[in-house]
Amino acid sequence: MLLERLGKELLYFDGGMGTLLQSKGLQPGELPEVWNLEHAEEIIDIHKAYFEAGSDIVLSNTFGANAIKFHDSKYGLKEIVTAGIQNAKKAAERGVRDGRKTYVALDVGPTGKLLKPMGDLSFEDAYDAFKETMIYGEQAGADLIHIETMSDSYEVKAAVLAAKENTSLPVFATMIFDEKGKLLTGGDVPAVVTMLEGLRVDALGINCGMGPEQMLPILEDILKYASVPIIVKPNAGLPKQRDGEVYYDVEPEQFAGYMAKIVEMGAHVIGGCCGTTPEYIREMKAMLERRAAEGRTANRPAFVRRAAVCSSTQVVEIDGVRVIGERINPTGKKLFKEALLSHNIGYILTQGISQVEAGAHILDVNVGLPKIDEAGLMVEVIKELQGVVDVPLQIDSSHAGVIESGLRIYNGKPIVNSVNGEMAVMEKILPLVKKYGAAVVGLTLDENGIPLMAEERYAVAERIVRTAESYGIPKEDVFIDCLTLTASAQQKEVVETLKAMKLVKERLGVKTVLGVSNISF
């Protein structure tokens, strides 16, 4: 099984496809994926050469095969994808003679369109385009899905959800960063890694855009935040021109030397992208096998899982006191209720902006009122808020359907507010937290109300944390609220809140959250 090997041994991807196709006659403007059917033997020969060079994982020739690019083509999308997987599998049969276990990855690239609000493609349309490809890929026998060369965190989220909701295959994802560690749409390495880890991809990393030397500082940044295996697939250096022809400035032996450094830093899966050929993979594998024989192995830094949430461009680590602004909430706010009823989005956005200017690190979003479309309004407000503020959001509702609507279109890793100790509540909300890669607030109350004593509240907190862990949600993503009560009227209970917080921190080792405005109510 691939997942049993992943992270425990070094695995090798293949290299570039486009350069090799051009050398075989691919014309400018011609869709490479069509060659799966019209020039199948040429495609099989390329895949076979990579298997013979030592690749463990070969990508199908389906990088641009999606429902947007192939909606009116000569061949149907299913036909293209099926042929792409079958060609790679035939190549494995012909090219692997040493008994190695190899894998065929369904290669999934970007749609070629920008998602709203920067472009005109909706999140769900992007999802649907990827969904078709992934269903066909699994049906054709792909061993995994590799989503690559993504420059927009929102688009990669659509692709990851499409893979996880419609297939049972392992999912890898690699992004294309510039030398400053930024995506085309502005996201940075910490935000992308935080979001992808939340979505539970099996491996993540970087490909394309630059050569191996330029990727070293990006990899260093990824290693600070990632706790899953890392993929690195550079170009063969930087593209240059000579006599009207494009070439790359890093030769195979140089490339192998850089890749050895990348492995020593801590990468688990390596390969090449634009400009690399089977010769690059062969040279790289030979050098790394020599180094392994000499006892030179990876030196990956020890990872400490972080409690963190993010927007598309900003990570907020919960490593000290962080302020959650809660003005976007109709409870006790007459003007806000009126704004919701009159659909005054401008007023809501003003509340968000003013809180960020006042120092809020995270914004709670609650739009629940009777007789309004709460799910629709939640989606609209989240989208609009993400256009004017860059802090992470906390999605707040008493309805699971509303929470899921918000989680699905949120660009980043949010907090869900909230669950409590009732099993019925946890069974509704925690699967959503797991699926969409969020953090969650756990309230220390259950069907019997708020316990009076600290030990009883701790018992509820422990139940929440253990139940979350049973769903695969790490305790770093559970923030326990020991429930602040009105100090002037309930002084004994306030002391119990403080005692409960201490117990939660010392015994469970989780972060805590308090609605401190309740003290004065």
What distance separates [X] [atom1] from [Y] [atom2], expressed to the nearest 0.5 Å?
{"X": "Met215", "Y": "Cys208", "atom1": "CE", "atom2": "SG", "result": "7.0 Å"}
{"X": "Ile135", "Y": "Leu106", "atom1": "CD1", "atom2": "CG", "result": "11.5 Å"}
{"X": "Asn329", "Y": "Leu340", "atom1": "CG", "atom2": "CG", "result": "9.0 Å"}
{"X": "Cys310", "Y": "Met195", "atom1": "SG", "atom2": "CE", "result": "7.5 Å"}
{"X": "Glu384", "Y": "Ile345", "atom1": "CD", "atom2": "CD1", "result": "6.5 Å"}
{"X": "Met426", "Y": "Tyr471", "atom1": "CE", "atom2": "OH", "result": "8.0 Å"}

Tell me, with the steps shown, if Leu121 and Leu115 meet side chain to side chain contact (heavy atoms under 4.5 Å, CB included).
CA-CA 4 Å; Leu121 183 65; Leu115 272 65; 3.8 Å; yes

Student check: side-chain heavy atoms of [X] and [Y] closer than 4.5 Å:
{"X": "Ser122", "Y": "Tyr127", "answer": "no"}
{"X": "Gln214", "Y": "Leu238", "answer": "yes"}
{"X": "Glu447", "Y": "Val425", "answer": "no"}
{"X": "Asn417", "Y": "Asp481", "answer": "no"}
{"X": "Ile348", "Y": "Ile328", "answer": "yes"}
{"X": "Ile415", "Y": "Val440", "answer": "no"}
{"X": "Pro110", "Y": "Phe63", "answer": "yes"}
{"X": "Leu219", "Y": "Ile206", "answer": "no"}

Which pair of heavy atoms, one from [X] and one from [Y], lies closest together, and at what distance?
{"X": "Glu148", "Y": "Asp107", "answer": "OE2-OD1, 2.7 Å"}
{"X": "Ala308", "Y": "Thr194", "answer": "O-CG2, 4.2 Å"}
{"X": "Ile262", "Y": "Pro234", "answer": "CD1-CG, 4.5 Å"}
{"X": "Leu3", "Y": "Pro170", "answer": "CD2-CB, 3.8 Å"}
{"X": "Pro229", "Y": "His268", "answer": "CA-ND1, 3.4 Å"}
{"X": "Ser151", "Y": "Leu183", "answer": "O-CB, 3.3 Å"}

Heavy-atom count check: over 12 atoms from other residues, nucleotides or ligands less than 6.0 Å from [X] [atom1]?
{"X": "Phe123", "atom1": "CZ", "value": "yes"}
{"X": "Lys113", "atom1": "NZ", "value": "no"}
{"X": "Glu124", "atom1": "CD", "value": "yes"}
{"X": "Lys428", "atom1": "NZ", "value": "no"}
{"X": "Arg327", "atom1": "CZ", "value": "no"}
{"X": "Lys502", "atom1": "NZ", "value": "no"}

Could you walk me through whether Lys131 and Glu165 pass the salt bridge (Lys or Arg N to Asp or Glu O under 4.0 Å) test, one step at a time?
CA-CA 9 Å; Lys131 171 183 172 180; Glu165 291 180 349; over 6 Å; no

Evaluate the criterion side chain to side chain contact (heavy atoms under 4.5 Å, CB included) for residue pair Leu432 and Val416; output intermediate values, then yes/no.
CA-CA 9 Å; Leu432 301 178; Val416 169; over 6 Å; no

State whether [X] and [Y] are salt-bridged, where the test is any N-O pair (Lys NZ or Arg NE/NH1/NH2 against Asp/Glu carboxylate O) under 4.0 Å.
{"X": "Lys413", "Y": "Asp477", "value": "yes"}
{"X": "Glu33", "Y": "Lys69", "value": "no"}
{"X": "Glu380", "Y": "Lys383", "value": "no"}

Spell out, as yes or no, whether a donor-acceptor pair under 3.5 Å connects the side chain of [X] to the backbone of [Y].
{"X": "Asp202", "Y": "Phe172", "result": "no"}
{"X": "Glu138", "Y": "Ser168", "result": "yes"}
{"X": "Gln355", "Y": "Glu326", "result": "yes"}
{"X": "Thr497", "Y": "Leu483", "result": "yes"}
{"X": "Thr133", "Y": "Ala65", "result": "yes"}
{"X": "Glu496", "Y": "Ala454", "result": "yes"}
{"X": "Asn235", "Y": "Cys274", "result": "yes"}
{"X": "Ser311", "Y": "Gly412", "result": "no"}
{"X": "Lys475", "Y": "Leu508", "result": "yes"}

Are [X] and [Y] linked by a side-chain donor-acceptor pair shorter than 3.5 Å?
{"X": "Tyr436", "Y": "Arg408", "value": "yes"}
{"X": "Thr149", "Y": "Asn207", "value": "yes"}
{"X": "Gln386", "Y": "Ser312", "value": "no"}

Working for side chain to side chain contact (heavy atoms under 4.5 Å, CB included), residues Glu197 and Tyr225:
CA-CA 9 Å; Glu197 287 228 331; Tyr225 291 89; over 6 Å; no

Do any side-chain atoms of residues 458-467 form donor-acceptor pairs under 3.5 angstrom with protein atoms, and if so which ones, sequence neighbours left out?
unit_1: Arg463; atom_1: NH1; unit_2: Gly421; atom_2: O; d: 2.9
unit_1: Arg466; atom_1: NH1; unit_2: Glu469; atom_2: OE1; d: 3.0
unit_1: Thr467; atom_1: OG1; unit_2: Arg463; atom_2: O; d: 2.6

Would you please test His146 and Lys233 for side chain to side chain contact (heavy atoms under 4.5 Å, CB included) and show each step?
CA-CA 12 Å; His146 182 44; Lys233 299 195 305 168; 3.3 Å; yes

Test: salt bridge (charged side-chain N to carboxylate O under 4.0 Å, His left out). Region: residues 450-459. Which pairs qualify, not counting sequence neighbours?
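Passing the test, one end in residues 450-459: Glu455-Arg507.
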
